[in-house]
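Below is one structure, written out as structure tokens, with a few remarks after it.
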Amino acid sequence: MIGSNLLRVASIATIASLAFGTITANAQSLIINEEELMITQAPAAAHLENLDEVFSGWIYRTKETQSLQLDDFDNPGMIFVDQALDEWAKVDGSAGKSCAACHTGGPAEFAGLRTVLPRWDDEAGAIQSMEDYINECRTERMQADAWKWSGTSMTAMTALISLESRGMPVNVVIDGPASDAWEQGKDIYYTRVGQLDMSCANCHENNYDTMIRADHLSQGQTNGFPVYRLKNAKLNSTHARFKGCMKNIRATPYKEGSDEFRALELYVASRGNGLSVEGASVRN
Amino acid sequence: MKRTAFLIIGATAAFAAMATAEITADDVVFDEYGSVAMSLTGVAGDAANGRDLFKNRKLGNCLACHKNTDLSDQAFQGEVGPSLDGVGDRWNEEELRGIVSNPKNTFEDTIMPAFYRTSGFFRTLEKFEGKSILSAQDVEDVIAYLQTLTE
């Protein structure tokens, strides 16, 4: 039952609080719809020099926020997944095609795809995010307009496709032709920017699991994207979140869909290799 | 008579110039431990105003990262940095001036922002370009307040 899941999370959290005096990052399990166990804690990948373990951001949310992800009927992100299913069947563009026209197996054709994105693409000669593939389909095969990177249609479609990989561990490739972009992403991750002069690492590597005012800092993992945020009541793309973070530290963000953000997306995704895809997740 | 008047005017002008002689952020002199000996403005800090700046989320926003029992009415105090209870016992005025102005001179890799620094940043948003988080007098006011936090 949903209720017993909630109770279980609540009681484990209580035990953790008693044991450690604060919210701890390792004693709760995320089981969706009473059957899908998410990997929310995993040993850090070998390329992660400064962390031993990685944690899904779900762990750091309040019980109330966490509970919204335990059942798809409670998850507000699923409303957008339903919208994407409608979009999937809708003909758009001058080629007279819908997604379903080519992808006859339905969204299930993309099971596992989310775990390996972004990735190096030989044909494009660049790192490609899921948004790139969706827009390539739209402009080239459907002869339709490209969607905005973080527009409602796009984030809904990335949620629908991510859902097919839910539970599977993130497993992006960082070597071979992807290595230059990965290094660039790593560089961005550790570079201080803006008037507040902070890097991603300052908060999400050196200070995760501490409170910054009312916010419980997470490791900034991307396994839950696209993320339904209570703050803006919509699905959010990884690049939109990067942008928000940069503005918070009074830095000029890179553009959504820029090579810099694709590189950062690859690097940050690789920091979460081993964690389950949760999209669409729920956060504050 | 005339001569005295001139002297008075001259002295007033000189005093006014001195009183507003603010050290620009680029000209602040830090010693080898990151302390700043000289007042940034020559005007004594106002601890009460410093307390307001400390809790103002758009200005000091110090509670984002630090706990402070003196402001226990403010909910959600951060824990990224150390508690500032008793900070006035641990650091003197010059050290506090240095830490608030630019803590990287005291703690090399700290996450703490420099509150009186206007250059050397990367990709700063245009509206903050060339600006410091706090003014010189704001810093003096904040450090006056910090010195009242004793145990």
Side-chain angles (χ1 to χ4, degrees), chain A residues 17 20-25 49-50 60-62 65 184 187-220 231 242-255 258-261 263-264 284, chain B residues 25-26 54-68 71-84 99-135 138-139:
Chain A
S17 312
F20 301 101
T22 67
I23 308 158
T24 55
E49 295 140 4
N50 306 320
Y60 303 103
R61 307 294 32 109
T62 62
T65 306
Q184 183 193 4
D187 209 51
I188 293 171
Y189 189 88
Y190 285 103
T191 301
R192 289 178 186 259
V193 290
Q195 191 195 40
L196 302 194
D197 202 28
M198 292 176 192
S199 70
C200 308
N202 284 138
C203 285
H204 298 292
E205 181 169 278
N206 304 333
N207 285 292
Y208 69 89
D209 198 16
T210 59
M211 299 301 289
I212 187 155
R213 202 73 198 223
D215 192 24
H216 195 185
L217 279 173
S218 74
Q219 288 184 340
K231 183 179 175 171
F242 289 160
K243 192 173 150 183
C245 249
M246 289 186 81
K247 283 178 134 174
N248 284 346
I249 51 170
R250 301 182 176 179
T252 308
Y254 297 103
K255 292 206 177 342
S258 63
D259 287 342
E260 288 89 349
F261 271 172
L264 184 61
N284 51 323
Chain B
D26 282 338
F54 186 101
K55 63 182 176 185
N56 184 312
R57 287 170 190 252
K58 301 250 178 236
L59 292 166
N61 198 21
C62 307
L63 291 170
C65 294
H66 299 281
K67 289 190 195 303
N68 176 4
L71 290 166
S72 52
D73 59 318
Q74 302 284 309
F76 305 118
Q77 305 199 358
E79 51 185 30
V80 171
S83 162
L84 295 182
I99 292 169
V100 174
S101 297
N102 187 354
K104 274 107 185 171
N105 294 301
T106 309
F107 313 108
E108 198 184 337
D109 294 321
T110 184
I111 184 176
M112 183 173 160
F115 288 84
Y116 194 53
R117 183 181 160 200
T118 52
S119 62
F121 297 117
F122 179 53
R123 293 188 72 86
T124 299
L125 268 179
E126 206 176 311
K127 67 173 170 173
F128 298 108
E129 192 68 63
K131 295 187 176 133
S132 56
I133 301 173
L134 294 180
S135 71
D138 288 346
V139 172

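Hydrogens, waters and symmetry mates are skipped; everything else that's a heavy atom, side chains included, is used. Throughout, a chain's letter reflects where its sequence line sits, starting with A, and its residues are numbered from 1.
T118(B) does not touch chain A: none of its heavy atoms, backbone or side chain, sits under 4.5 Å away. With a 4.5 Å cut-off on non-hydrogen atoms, K127(B) does not touch chain A at all. Heavy atoms of S199(A) lying under 4.5 Å from chain B are absent altogether. Of the two parts of N207(A), only the side chain, counted from C-beta on, holds a non-hydrogen atom closer than 4.5 Å to a non-hydrogen atom of chain B. Contact of L217(A) with chain B is made through the side chain alone, with heavy-atom distances under 4.5 Å.
Judged by distance alone, with hydrogens and angles left aside, the side-chain atoms of T124(B) form no donor-acceptor pair with the main-chain N or O of A251(A) at under 3.5 Å.
Side-chain contact between I111(B) and M198(A): present, with at least one pair of heavy atoms (C-beta onward) separated by less than 4.5 Å. By the 4.5 Å heavy-atom criterion applied to side chains, N206(A) and V80(B) are not counted as neighbours.
Atom CD of E79(B) and atom NE2 of H216(A) lie 7.0 Å apart (nearest 0.5 Å). With rounding to the nearest 0.5 Å, the separation of CZ in F122(B) from CG in D197(A) is 11.5 Å.
Between M246(A) and R123(B), the shortest heavy-atom distance links the atoms CE-NE, 4.1 Å. What you find for L63(B) and R213(A) is that their closest heavy atoms are CB-NH1, 3.3 Å. F128(B) and Q195(A) make their closest contact through CD2-OE1, 3.7 Å (heavy atoms, listed as atom of the first residue, atom of the second, distance). When every heavy atom of F76(B) is checked against every heavy atom of A214(A), the shortest pair comes out as CG-CB, 3.4 Å.
Heavy-atom pairs under 4.5 Å with chain A were tallied for M112(B), K104(B), Q74(B), R117(B); the largest tally goes to K104(B).
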